[in-house]
2 protein chains.
Amino acid sequence: MNDSPADDEAAARLSALGHPTRLRVFRTLITAGPDGMPAGELAARVGVAKNNLSSHLNVLRQGGLIVMRPSGRSRIYAVDLDTIAATIGYLVSDCCQGHPEVCEALSPGMERAC
Amino acid sequence: MNDSPADDEAAARLSALGHPTRLRVFRTLITAGPDGMPAGELAARVGVAKNNLSSHLNVLRQGGLIVMRPSGRSRIYAVDLDTIAATIGYLVSDCCQGHPEVCEALSPGMERAC
DNA sequence: CATTCATTTCAACAGTCATTGAACAATTGA
DNA sequence: TCAATTGTTCAATGACTGTTGAAATGAATG
């Protein structure tokens, strides 16, 4: 059995988030909301070298998890909410076909977050 | 700024899921529900060599994403729902402090899944 | 007690990834 | 235009990861 493209795509996104620095970048951008944050401020907050951050941002961007817009000489990064919602949905999809108790168990985690 | 242990833990879990084979293993186990599935059947369904699967199962288990119980000469693997719920929660936590629209945007993804 | 079955462990290899410093754009303001 | 600011790209290095085949473990069966 081969990997489906959907598997590869979702795995790439999860893998992008599966790095301590990138996870902190992502969570920092989540708190920034749709307005996002320039790369320099992000580097300062997360505490990582600019060039290193730049490559991590590229990974997140290629996974579709964040978007970038230029603004003067800065570049503003922000999360792409549709992508993360789809990724979470894919992660737990099909769990309720035969086992509704699985999804019920997931709800507290979501409620705790929001 | 250093990585917090919570970041490292969550990143390790997401990284464990960030591999096509492991993601398929996990999703297959999700559909199996709390009863789980023996390693051999899992290897057949996912289409991967048994020794290879074994190492992937170890990664998932060390991340706390799955649990194992022996049964006769088989070993039954099943998802740990608390862990995945906590991981998803961590991923999007703090998004509603300042930006409730972020969490609202996430809901459709969850509803699509469940 | 020897055999079979289910699965794991081990060693080795190729490939990928993260980090660093140095060099390279692009934009702004004097 | 010159210089400062903001970020990115590049090359090199060391570390980690995934896969494979062979050997080993441990539980059940006859």
Side-chain angles (χ1 to χ4, degrees), chain A residues 1-4 7-26 28-29 32 35-63 65-78, chain B residues 1-4 7-26 28-29 32 35-63 65-78:
Chain A
M1 201 192 261
N2 278 327
D3 295 340
S4 75
D7 266 315
D8 288 347
E9 226 178 283
R13 285 167 187 164
L14 291 166
S15 175
L17 292 170
H19 185 281
T21 299
R22 283 196 295 264
L23 182 56
R24 295 192 5 155
V25 167
F26 184 83
T28 303
L29 286 178
D35 294 341
M37 192 180 290
E41 186 180 343
L42 206 43
R45 285 218 201 180
V46 174
V48 71
K50 288 178 181 178
N51 52 358
N52 191 7
L53 175 70
S54 191
S55 67
H56 284 308
L57 287 173
N58 262 326
V59 174
L60 290 170
R61 203 149 62 94
Q62 284 200 287
L65 291 158
I66 62 174
V67 293
M68 184 271 281
R69 64 175 192 275
S71 169
R73 52 182 147 187
S74 292
R75 299 189 185 192
I76 312 289
Y77 288 88
Chain B
M1 201 191 259
N2 278 330
D3 295 339
S4 75
D7 266 314
D8 288 347
E9 226 177 283
R13 286 168 186 163
L14 291 167
S15 175
L17 292 171
H19 184 280
T21 299
R22 285 197 294 263
L23 181 56
R24 293 190 9 151
V25 166
F26 184 82
T28 302
L29 287 178
D35 295 340
M37 192 181 290
E41 185 181 342
L42 206 44
R45 285 219 201 179
V46 175
V48 71
K50 290 176 180 179
N51 53 356
N52 190 8
L53 175 70
S54 191
S55 68
H56 284 309
L57 287 172
N58 261 327
V59 174
L60 289 170
R61 203 150 62 94
Q62 283 201 287
L65 291 159
I66 62 175
V67 293
M68 185 271 280
R69 64 176 194 276
S71 168
R73 51 181 146 186
S74 292
R75 301 189 184 193
I76 313 287
Y77 288 89

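Numbered from 1 within each chain, the chains take letters A, B, ... in sequence-line order.
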For Arg73(B) and dT3(C), what is the distance between atoms CZ and C1' respectively, to the nearest whole Å?
10 Å
Check Leu23(B) against Ala10(A) and note the closest heavy-atom contact, atom names and distance.
CD2-CB, 3.7 Å
Outermost nucleotides of DNA chain D that come under 4.0 Å of a non-hydrogen atom of chain B:
dG18(D) to dT29(D)
Check the pair Arg75(B), Arg69(B) against side chain to side chain contact (heavy atoms under 4.5 Å, CB included), reporting the backbone distance first and the verdict last.
CA-CA 6 Å; Arg75(B) 301 189 184 193; Arg69(B) 64 176 194 276; over 6 Å; no
Provide, to the nearest angstrom, the distance between the CG atom belonging to Leu53(B) and the P atom belonging to dT7(C).
9 Å
Using whole Å, what does the distance between atom P of nucleotide dT7(C) and atom CG of Leu57(B) come to?
10 Å
Do any N or O atoms from the side chain of Arg22(A) and from the backbone of Leu17(A) form a donor-acceptor pair under 3.5 angstrom?
no
Could you check how far CZ of Arg24(A) sits from C1' of dA18(C), rounded to whole Å?
16 Å
Distance in angstrom units between Glu41(B) CD and dC5(C) P, rounded:
18 Å
Using heavy atoms to find the nearest nucleotide of DNA chain D for Arg75(A) and Val59(B) separately, return the residue whose nucleotide is more 5′.
Arg75(A)
Between Ala39(A) and Leu57(A), the two heavy atoms sitting closest are CB-CD1, 4.4 Å
With nearest nucleotides of DNA chain C determined for Gly72(A) and Ser55(A) from heavy-atom distances, which residue corresponds to the more 5′ nucleotide?
Ser55(A)
Indicate, with a heavy-atom threshold strictly under 4.0 Å, whether Pro38(A) touches base, sugar-phosphate, or nothing.
sugar-phosphate
Can you name the nearest heavy-atom pair linking Ser74(B) to Pro38(B), along with the distance?
CB-CB, 4.1 Å
CG of Asn52(B) versus C1' of dC10(C): gap in Å, rounded?
14 Å
How many Å lie between NE2 on His19(B) and P on dC17(C), as a whole number?
11 Å
Can you figure out which of dA18(C), dG21(C), dT8(C) approaches the side chain of Tyr77(B) most closely?
dT8(C)
Using whole Å, what does the distance between atom P of nucleotide dA6(C) and atom NZ of Lys50(B) come to?
6 Å
I want to check one thing: is the phosphate of dT19(C), taken as OP1 and OP2, less than 4.0 Å away from some side-chain N or O of His56(A)?
yes
Nearest atoms (heavy-atom pairs only) where Ala43(B) meets Lys50(B):
CB-CG, 4.1 Å
For Phe26(A) and Ile66(A), work out which heavy atoms get closest and say how close.
CD1-CG2, 4.5 Å
